[in-house]
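Notes to accompany the following structure.
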Amino acid sequence: MAKGMPEILKTAAAVSDPDDAKQYITDYCNKMQNQAFEEAGELLNDVRWYRSHNSNTMKNGRNPETHEVIDELKRVDPHECRPGTFRL
């Protein structure tokens with residue numbers, strides 16, 4: 001976000017309507033924030049997979065309706081473990 005901000009501010013300064021300039025900056029910040037949250041979620045999933053992958057054959061369970069990870073562990077057969085899928 002910080003890397004692209006000078007260009008965003010330069011473009012916003014060239015916009016004649018101050019409300020449009022504010023909205024342009026806000027849209028950029030929201031886009032970057034959403035991207036950061038998405039990447040953080042992917043990183044958290046990678047860490048959870050790595051952690052559970054390296055802790056025998058116990059995996060975190062998932063809520064069947066929302067697919068959210070829950071604290072309850074479930075036993076997974078060793079052949080279901082996917083070695084090499086963790087990327088750093």
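All figures in this text were calculated on a predicted structure; none of them were measured in a lab. The analysis underlying the following values was restricted to heavy atoms, covering all of them including side chains, and did not include hydrogens, waters or symmetry mates. Start at 1 with the first residue, then count along the sequence.
Atom CD1 of Ile25 is separated from atom CG of Leu9 by 5.0 Å, given to the nearest 0.5 angstrom.
The side-chain hydrogen bond (donor to acceptor under 3.5 Å, both in side chains) test applied to Asn45 returns no partner, not counting sequence neighbours.
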For residues 31-39, which side-chain N or O atoms pair as donor and acceptor with protein atoms under 3.5 Å away, sequence neighbours left out?
residue, atom, partner, partner atom, Å
Asn34, ND2, Asn30, O, 3.4
Gln35, NE2, Glu39, OE2, 3.0

Report all side-chain donor-acceptor pairs from residues 10-20 shorter than 3.5 Å, counting only partners two or more places apart or in another chain.
residue, atom, partner, partner atom, Å
Thr11, OG1, Glu7, O, 2.9
Asp17, OD1, Asp19, N, 3.3

